[in-house]
Amino acid sequence: MRIKLTFVPGLEVEFVDREMSLKKMEEWARESTRHPQVVFGPEGCGKTAWLRQSAVLLKELGFHVIYVDPLRKYFEAYTDVKEVARRLADAAAGVLGNARAWLATLAIDLTKLLIERMKKKVAVLVDDVFQAIGLNEAALYVKALLGLIEYPPRSIDAIVAVVATSEGVTRREIGRHRWAHLTPMWNMPRDGFRQLYDKLPGEKPPFEKVWRATGGNPNLLAELYKARWDADSVVKELLREKRIKAFVNSLSDAERELLRRALDDPDALFTREGIPLMDKLVDMNLLVDTLPERDPRFWAGEPPPEKDLGLGIGKDVAWQTPLHREAVRRALEGS
Ligand SMILES: Nc1ncnc2c1ncn2[C@@H]1O[C@H](COP(=O)(O)OP(=O)(O)OP(=O)(O)O)[C@@H](O)[C@H]1O
Ligand SMILES: [Mg+2]
């Protein structure tokens, strides 16, 4: 069953494509996640949509599923253990105090409860939890999930634990420990993105143009749609939101030169002099670094192309989307 998602206020869209990402979830359902899977990717690439569709998929595969999105104080529970939904609802309503922290905590506690109640197949999907609980707690949270996998209170047949994040900085923090598996997700592949584009009503620019601006990022597609396809205003919003001008003004001449080169080829930052600057751009969620080989085994879904400098994708480093790169270009030109 395909879920319905609010694409922009007033426009619902059915979940499209992402066949390989859903295949990956099926694989995890079959083999269990031996470590918590931390899935990271560009902002707005579709992680939440995929997790929510996956919750339904796992339910159809016979799992008892808990999905929480602490930032938005939202949850879904697919289980006949009534207590689970009740306690999540209380937490989301703030009955216990800080709703975000409680939802994050309960996701783990209630998965444990499901196992204690002899449920043999359980899944816990946690969205954007690191922003909700803070960087210091992120690694410990993942470790608690690992504990559930390694020492379940009763024997189980299958367990799936997945956490999604768009924060580049948490990825580095999590990566220092060996408590989780980090798996990247990319923007949508061209065909799937085309299906989404086709669903939008009204007059729109040619697909090719939209593809080259967004690189397949569904959130930017939504932003462009809301802005009546005025890419200029979307770039300006990115510039403001991420305070890119202030950042560029803080750079030395040498760093600015490096940044200029990275506009043409982001791999220019994957060098001794480039890495400090690259890390800052990753923290600002403008770049993704250390991209693995483009083998589907290493990706939650369709990998990006090997290299596509038009879209800002290098071998090791990529701009989150072409419009993110465009925002940086403007700031550089104006400085
Ligand atoms: N496969 C899809 N089918 C239909 N709509 C999608 C799909 N993927 C994403 N969308 C829509 O695109 C927008 C952005 O997706 P989503 O919120 O899932 O991204 P995200 O990676 O979770 O973003 P963030 O980094 O902000 O958490 C949403 O409106 C979502 O409903
Ligand atoms: Mg999300």
Side-chain angles (χ1 to χ4, degrees), residues 1-25 37-57 67-76 100 103-104 107 125-133 138 162-171 182-201 210-211 213-227 234 237-238 241-242 282-288 299-302 304 318-321 323-324:
M1 189 195 85
R2 298 263 155 178
I3 58 167
K4 286 244 163 69
L5 298 153
T6 303
F7 188 68
V8 295
L11 178 63
E12 279 205 334
V13 171
E14 203 168 75
F15 184 86
V16 298
D17 191 61
R18 286 292 191 194
E19 298 304 332
M20 285 176 76
S21 310
L22 295 170
K23 279 254 157 60
K24 182 61 78 179
M25 191 60 79
Q37 285 285 352
V38 175
V39 174
F40 65 95
E43 289 176 316
C45 73
K47 297 174 293 293
T48 295
W50 168 65
L51 278 188
R52 291 191 186 180
Q53 181 66 56
S54 295
V56 174
L57 170 74
Y67 166 88
V68 294
D69 181 345
L71 265 191
R72 293 183 196 80
K73 302 181 192 171
Y74 179 83
F75 73 90
E76 281 164 19
R100 296 192 169 102
L103 278 174
L125 309 177
V126 191
D127 208 350
D128 275 332
V129 66
F130 303 140
Q131 278 126 309
I133 62 174
V162 183
V163 179
T165 181
S166 58
E167 292 296 311
V169 56
T170 45
R171 174 190 173 192
L182 285 156
T183 305
M185 181 174 199
W186 198 247
N187 296 314
M188 295 181 77
R190 202 183 151 95
D191 290 349
F193 190 69
R194 166 113 220 180
Q195 290 175 40
L196 197 54
Y197 163 91
D198 284 340
K199 284 185 192 275
L200 300 183
V210 179
W211 171 253
T214 61
N217 184 287
N219 178 55
L220 279 185
L221 180 65
E223 292 298 323
L224 283 169
Y225 179 78
K226 276 193 283 190
V234 174
E237 187 55 37
L238 275 172
E241 217 172 72
K242 296 184 175 290
V282 169
D283 292 352
M284 293 170 77
N285 293 327
L286 291 167
L287 285 182
V288 181
W299 293 81
E302 300 74 1
W319 292 99
Q320 289 207 353
T321 76
L323 286 183
H324 284 74

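First listed ligand is number 1; within each ligand, the first listed atom is number 1. Numbers here are sequence positions counted from 1.
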Considering only heavy atoms, does [X] approach ligand 1 within less than 4.0 Å through its side chain, its backbone, both, or neither?
X     : answer
Leu5  : side chain
Thr6  : backbone
Gln53 : neither
Arg18 : side chain

Proximity flag Met185 to ligand 1, non-hydrogen atoms under 4.0 Å =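 Flag not set, Met185 not near ligand 1.
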[atom] - nearest protein heavy atom and its distance:
atom                    : answer
atom 27 (O) of ligand 1 : Asp128 OD2, 3.5 Å
atom 15 (O) of ligand 1 : Gly46 CA, 3.7 Å
atom 12 (O) of ligand 1 : Pro218 CB, 3.2 Å
atom 17 (O) of ligand 1 : Thr48 CB, 3.9 Å
atom 26 (O) of ligand 1 : Gly44 N, 3.8 Å

Has [X] got a side-chain atom pairing as donor or acceptor with [Y]'s backbone, closer than 3.5 angstrom?
X      : Y      : result
Glu302 : Met20  : yes
Lys47  : Val163 : no
Thr214 : Gly216 : yes
Thr6   : Pro9   : no
Trp50  : Ser21  : yes

Atom pair [atom1] ([X]) and [atom2] ([Y]), whose distance is rounded to the nearest 0.5 Å:
X      : Y      : atom1 : atom2 : answer
Asp128 : Thr170 : CG    : OG1   : 9.5 Å
Ser54  : Lys24  : OG    : NZ    : 12.5 Å
Leu196 : Arg18  : CG    : CZ    : 10.0 Å

Ligand 1 atoms in contact with [X] (distance to a heavy atom under 4.0 Å):
X      : result
Leu196 : 4 (C), 5 (N)
Asn219 : 14 (C)
Val16  : 1 (N), 2 (C), 3 (N), 4 (C)
Ser166 : 25 (O)
Phe15  : 1 (N), 2 (C), 3 (N), 4 (C)

ask   = How about Thr165 and Arg171: do any of their side-chain heavy atoms sit closer than 4.5 Å?
value =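 A side-chain contact under 4.5 Å is absent here.
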request  = Would you mind reporting whether Arg100 and Leu71 have side-chain heavy atoms less than 4.5 Å apart?
outcome  =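 Side-chain contact under 4.5 Å: yes.
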ask   = Looking only at heavy atoms, which two atoms of Gln53 and Met1 are closest? And how far apart?
value =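 Shortest heavy-atom contact: NE2-O, 2.7 Å.
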message = Testing the basics here: between Asn217 and Gly44, what is the closest heavy-atom pair and its distance to 0.1 Å?
response =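 Distance-wise, the nearest heavy atoms are OD1-O, 3.1 Å.
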Any N/O pair [X]/ligand 1 closer than 3.5 Å:
X     : value
Lys47 : yes
Glu43 : no
Cys45 : yes

query = Counting only heavy atoms not in Asp191, do more than 12 sit closer than 6.0 Å to its CG atom?
reply =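 No, because the 6.0 Å sphere around CG of Asp191 holds 12 heavy atoms or fewer from other groups.
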query = Are any of the side-chain nitrogens in Lys242 or Glu43 under 4.0 Å away from the carboxylate oxygens of its partner?
reply =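 Salt bridge: yes.
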Ionic contact status for Arg194 with Asp17, cut-off 4.0 Å =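 So Asp17 does not pair with Arg194 through a salt bridge.
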request  = Look at atom 8 (N) of ligand 1 and find which of Ala222, Ala49, Ala164 reaches it with the closest heavy atom.
outcome  =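 It is Ala49 that holds the nearest heavy atom.
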task = Give me the protein N, O or S atoms that fall under 2.8 Å of the Mg ion (ligand 2), sorted by chain and residue number.
result =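 Within the sphere that stays under 2.8 Å of the Mg ion (ligand 2), the protein atoms of type N, O or S are Thr48 OG1.
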